[in-house]
Amino acid sequence: MGENIMMNSFMASLEGSKEEDGVKSLEECEPLMMRDPVTVATGITYDRESIERWLFSGKHRDCPVTKQPLPPELDLTPNHTLRRLIQAWCVEHACDGVERFPTPRSTVDKSQVAAILDEVMIPQTRMSALQRLKSVVLESDRNRRCVEESGAADLLVSIIREQEECNDGDEALAILCSLQISGERLLDLLRRNDDLIGTLTSILSQRNDQSQAYALLLLKSLVPVMSPSKMSDLREEFFSGIVKGLQDKVSRQATKAALQILAGVCCCKRNKVKAVRAGAVFVLIELLLGETEKRRCEMLLAVLDQLCGCAEGRAEVVAHAAGISVVSKKILRVSNLASALSVRILCSVAKLSPSPPVLQEMLQVGAVSKLCLLLQVDCGVRLKDKAKEILRLHSRVWRSSTCLAPLLLASYP
């Protein structure tokens, strides 16, 4: 239970603290901050990009100022008068370094998207049509939603499935990832395309770095909507692909996605064992050895803590020459969360894998010294209690050791 609470709390914070989507109306901000002023049904004028981000986030369907509900069919009326005034002011003050905002492009509608999708279905025009579709998706949140509602996702999945070895599949994969499909819609997509997980898994081992990154980002979005049965049926190849993504270090974003995937699917013992067999523990420890960034260390330790929930995971930590050492070194060096996770890992090893060589290694690499140090610093009652629990567990072996400095030995419980 404690492991689940800590992991859920950690996963909730992985994205970092986010402020409420900020949308400023004409009354709240300088008009010159608006590049493309539009008016909603309530009569309030906003910058198009801001109001679309507010509405397409999936959290809001109301006017930010009046709090009145907005109609399902988004009707944003361009405020041409205000836009001309803004552009005129920019021209007038060009000598002061003010640049004139370009005239906004007109947004696409479903008929235009449907025409592009028709071309996507023709092999001879597929690549050029996919490139145009990608440009449309990346242009604005409204375009992205329009493409999604036109049923493009299923077509893209079919292209990815059929064209796994060619550029068409790579382009379709990039577009599908850029659509940023929300939870419910993603669940429906997964139900309609039961082999999507398998298709993305094969991409992790066969395709180029960019496609590998896109596949990891999509899988990260899919994990929260997977059913328990589908999650428990994940194949060994899936875990090998995720671990490969971690090891290859394609990008920081892809590495973060791989860690979040492992954290999400390793909630059951069966998947923990699969991840360990795929080499996850070894890779996590190797990454920890060279990682100094706070958030990344916390993520690595959180997943490692999960994998120590099975005997195979603990055995791998002990078997790695730097396993216990790198974990103990993160105590009091990174953050309170990193210290708590490190102590949890040491506790798992000390309680469930306490062979004489392991206990001696914990002394020699400084793990026991770190636990004694925790009792002397301000680090929270829970952490101190966990450290005391470990120290008391093996006091017969550690208390009389010459490896402990007298100052630290004085605090031994």
| task | Kindly determine whether V157 and R192 satisfy side chain to side chain contact (heavy atoms under 4.5 Å, CB included), including the steps that lead there. | result | CA-CA 10 Å; V157 170; R192 294 193 302 270; over 6 Å; no
| request: Go through R344 and D305 one step at a time and tell me if the salt bridge (charged side-chain N to carboxylate O under 4.0 Å, His left out) criterion holds. | output: CA-CA 7 Å; R344 281 174 57 87; D305 176 40; 2.8 Å; yes
| query | After noting the C-alpha distance and the side-chain angles of R185 and D188, does the key distance pass the salt bridge (charged side-chain N to carboxylate O under 4.0 Å, His left out) rule? | reply | CA-CA 5 Å; R185 292 170 183 261; D188 291 339; over 6 Å; no
| Steps toward side chain to side chain contact (heavy atoms under 4.5 Å, CB included) verdict (M127, N167) | CA-CA 8 Å; M127 179 53 79; N167 293 333; 3.6 Å; yes
| said: If you apply the rule side chain to side chain contact (heavy atoms under 4.5 Å, CB included), what do you find for V327 with V349, and how did you get there? | reply: CA-CA 11 Å; V327 170; V349 171; over 6 Å; no
| message | What verdict does the side chain to side chain contact (heavy atoms under 4.5 Å, CB included) test give for D109 and V113, after you've listed the backbone C-alpha separation in whole Å, the side-chain angles of each residue and the deciding distance to 0.1 Å? | response | CA-CA 6 Å; D109 55 34; V113 173; over 6 Å; no
| query | What's the verdict on salt bridge (charged side-chain N to carboxylate O under 4.0 Å, His left out) for R277 and E236, showing C-alpha distance, side-chain angles and the deciding distance? | reply | CA-CA 8 Å; R277 287 175 181 167; E236 301 275 355; 3.6 Å; yes
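Around the NZ atom of K329, the shell of radius 6.0 Å holds no more than 12 heavy atoms that belong to other residues, nucleotides or ligands. Summarising the local packing, CD of E184 is surrounded by 12 or fewer heavy atoms from other residues, nucleotides or ligands at distances under 6.0 Å. Shown here is Q253, whose CD atom has no more than 12 heavy atoms of other residues, nucleotides or ligands within 6.0 Å. The environment of D194 atom CG is sparse: at most 12 non-hydrogen atoms of other residues, nucleotides or ligands sit within 6.0 angstrom.
Of the listed residues (L204, L259, I203, T255), just one forms a side chain to side chain contact (heavy atoms under 4.5 Å, CB included) with L216, and that residue is L204. Of the listed residues (L218, V137, D154), just one forms a side chain to side chain contact (heavy atoms under 4.5 Å, CB included) with L176, and that residue is L218.
Electrostatic pairing of R126 and E119 does not count as a salt bridge here, judged by no charged N lying under 4.0 Å from a carboxylate O. The residues K272 and E312 are annotated as not salt-bridged, no charged nitrogen and carboxylate oxygen being separated by less than 4.0 angstrom. Electrostatic pairing of E389 and K351 counts as a salt bridge here, judged by a charged N lying under 4.0 Å from a carboxylate O.
Remark: the backbone N or O of L189 is paired with a side-chain donor or acceptor of N193 at under 3.5 angstrom. Counting only distance, with no hydrogens or angles, the side chain of R144 and the backbone of L179 share a donor-acceptor pair below 3.5 Å.
No side-chain heavy atom of H320 sits less than 4.5 Å from a side-chain heavy atom of V281.
Applying the side chain to side chain contact (heavy atoms under 4.5 Å, CB included) criterion to C63, with sequence neighbours excluded, gives V40, T42, I44, Y46, V65, T66, L70. Among residues two or more places apart in sequence or in another chain, the side chain to side chain donor-acceptor pair (under 3.5 Å) test is passed with N271 by none. In this structure A367 satisfies the side chain to side chain contact (heavy atoms under 4.5 Å, CB included) test together with I324, S328, L346, M362, V365, sequence neighbours excluded.
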